[in-house]
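Residue numbers begin at 1 in each chain, while the letters A, B, ... track the order of the sequences.
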Amino acid sequence: MENVGRWLPIQVDPTALADSLANKILYPQTVPVTKEDLYLEQAMYIEELRKNPEKWYQNGKITIPPKLSTIAKSKGELMLMVLNALEPQGVVEVENLGIVITPDGNIQKEKQVCEINVDFGLTNKQKVKVSFDEIAIIPIPEKQKTILDIHCFSPFKLDGKDKIKLEVEGGQLGVIIDARGRPLDIPGMDTQGRKRMEKWRKSLNAVWSENG
Amino acid sequence: MQSGAKMADQNSIICPIRRRVISEANITVVRKLPDVSKIVVKKGEKLDPETVLAETETSPGYRKVKITDILGVKSQDIAKFLKREAGGKIYRGEIIAEKPGTFGLGKKIITSPVDGIVKEINKDEGTVTIEYLPTPAKIASVIPGEVMDISDKSKIKVLANVSQIHGVLGIGRERSGFIKVPVKPDDFLLPHNLDASCQKAIVVGGAIISRDTLEKALAIGVSGIITGGIHVKDFESVGGRKILPINNLNSDVGLTILVTEGYGRIPMGEDIWSTLFLLNGKLGLISGDEKVLTVPVENAKNEAPPDTKERELKVGDTVRIIADIYFGSVGKTVEIASVDEILPSGIKTRMVTVKVNKQNHKIPYQNIEILE
């Protein structure tokens, strides 16, 4: 129950959460009606995928589990669930959505993980700085090829190197930088944990409006 | 497990059927006996309530003793204080664990509440589980009828006139008892609702039963409890194993529980409660493992229900809602939409309008089951 609860973007009474989960197991055929129901469905499926993530990798590419597409309300939400469930490492392409770059390493404090110079074809290159526990989107248009000049700061590395140049193609979400470290330090069910979840959802535009 | 509702085509919905009340019908009742039984009846034999079906050994259940709480120690340290090993016999009053005091003060002793066998010492939970000593027993028929079939050396099918209540969850082996209905369907079943007169009874609760009521029921010697809802943690505490993910629990603590609605606080369905109210004082058989209460009746006034598991949903059908805030509510189908609608969750689906207590609610078709 605690494992599922940590993926919820809202704080839930543990007793009510356990009862809801158990009723969902009792009646697996039911569909989520409210956004809270959907959060629960998403959290349950993330935990299920985490038991066997390798199943969705093929030749350095992640195939999105079909059910995940049906329970995500946006591409950003879908990408976040893929990152949380499958924890890609290094440079991995996520089917249709785009490349995900995850520097190797971990640290338990705020620190800059990497700095990326992006050549958008303008006079000056654009600089993107990503700190630990952040997710960032580099808005490279879909199918556009771009050179990324990546500088990782110790202890982080990419492909075993501090500095690396990559040619990438933008996906539907551009290119994603996941600087949350591996293995992922999963949020607790407390207020701090919910804040971290909310931050990640905002980064990927996965926050719902009042109208859903 | 029941299969879900589905669209047969653009205009018709196939829903699962739940038959949870069978009233005064002549049906085949399946008696599932403990594995060690020696069945003494034969196919075709007529049964009275006192007829012995089988001879067996039963363990009335087990008790979990929380060493950490009583001694005030950490779970990983309990081995230091234990005076018993797993697998050994222990008798009521004998010492399970002891923590010496300081300067002769504050000594703590835990004694066994029952005669039994030390089944498990769990250092993660800090508990010792004692299984009651098995005792020879004869399993009485309780339900008059005729033996139709004996299979697997543990199942007897009996044709009998009965009323039955089928629940959605249950724990505990088959037990008999007189039915007692002390509360209404949306009440809480509280410790003060149980007294000495509930010993060996099957007590009918309301919307929920709590841990302290369960413990009092165990202490008094209640045979069984029927409740609308129960919290997962309380259900696990009497089942002894984790529900999530759900496994076939098949465990017994000395009390049989039948849950009619689901997890959480959910009023018992009016159809179930009113049937039980009419059966107040009657002798019944409750089985948590089979999730059923069976009560013999004199005459069968109704036909045996059909075996169909699903059918097309129609306006006028009585349905039960099995998800979201109306979970457990029963109502009549007023309208079946002809086009899909998008829910706040973003899911696109066909909606069914259900009238519950004079109010109409739109419910996704996947979230209802037909009640027959």
Atom group of [X] that falls short of 4.5 Å from chain A, counting heavy atoms:
| X | answer |
| --- | --- |
| B/F327 | side chain |
| B/I230 | backbone |
| B/E341 | neither |

Surrounding [atom1] of [X] (heavy atoms of other residues, nucleotides or ligands, distance under 6.0 Å), is the total greater than 12?
| X | atom1 | result |
| --- | --- | --- |
| A/K199 | NZ | yes |
| B/K66 | NZ | yes |
| A/E167 | CD | yes |
| B/R265 | CZ | no |

For the side chain of [X] and the backbone of [Y], is there at least one donor-acceptor N/O pair under 3.5 Å apart?
| X | Y | result |
| --- | --- | --- |
| B/D324 | A/P32 | no |
| B/S345 | A/K35 | no |
| A/N23 | B/A323 | no |

| task | Give, for atom CD of A/Q29 and atom OH of B/Y365, the distance between the pair rounded to the nearest 0.5 Å. | result | 11.0 Å
| Between atom CG of B/D234 and atom OG1 of A/T15, what is the distance when rounded to the nearest 0.5 Å? | 8.5 Å
| task | Could you tell me which portion of A/T70 (side chain, backbone, both or neither) has an atom closer than 4.5 angstrom to a non-hydrogen atom of chain B? | result | backbone
| Region of A/D37 that comes under 4.5 Å of a non-hydrogen atom in chain B |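 Just the side chain, heavy atoms under 4.5 Å.
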| field | Pair B/Y263-A/L21, side-chain contact (heavy atoms from CB on, under 4.5 Å): steps then yes or no | value | CA-CA 9 Å; B/Y263 294 102; A/L21 280 178; over 6 Å; no
| query | Can you name the closest pair of heavy atoms from A/Y27 and B/E261 and give their distance? | reply | OH-O, 4.1 Å
| query | Does any non-hydrogen side-chain atom of B/Q366 lie less than 4.5 Å from one of A/V31? | reply |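 Contact flag for A/V31/B/Q366 side chains = yes.
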